[in-house]
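Down below is the structure, laid out as structure tokens.
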Amino acid sequence: MMTSRAAAWHTSSYSGEDNNCIEHALLMGSRQAIRDTKDPARRTTLLFTSTAWQAFVDAQKGR
């Protein structure tokens, strides 16, 4: 099982120069993970199932 530590993280394309952004990773089993780039010490990670991730994305788009 791949943990969020071993994941291939990438920064959001909507990130600004003020480092006010998130990082995203696709995990095994179609799970998704996000974390705040401003908090390197704690690296709090939110994990989503594929269904919950889609609901989260849709909510952000205002659907």
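If you're wondering where the values come from, they're calculated on a predicted model, not measured in any experiment. Along the sequence shown, the residues carry numbers beginning at 1.
- Listed by chain and residue number, H24 satisfy the side-chain hydrogen bond (donor to acceptor under 3.5 Å, both in side chains) test with Q32 (two or more places apart in sequence, or in another chain).
- Scanning all heavy atoms of the two residues, the minimum distance from D36 to C21 falls at OD1-O, 3.4 Å.
- Considering only residues two or more places apart in sequence or on other chains, A55 meets the side chain to side chain contact (heavy atoms under 4.5 Å, CB included) condition with none of them.
- A 4.5 Å side-chain heavy-atom check between I34 and F56 finds at least one atom pair inside the cut-off.
- With sequence neighbours excluded, the residues forming a side chain to side chain contact (heavy atoms under 4.5 Å, CB included) with S30 are S50, listed by chain and number.
- Taking CG of L46 as the reference point, atom CH2 of W53 lies at 9.5 Å (rounded to 0.5 Å).
- The minimum heavy-atom distance between R35 and T45, with the atom names listed, is CB-OG1, 4.1 Å.
- Taking every heavy atom of both residues into account, L26 and R31 meet most closely at CD1-O, 3.4 Å.
- The shortest heavy-atom contact between I22 and T37 is C-CG2, 4.0 Å.
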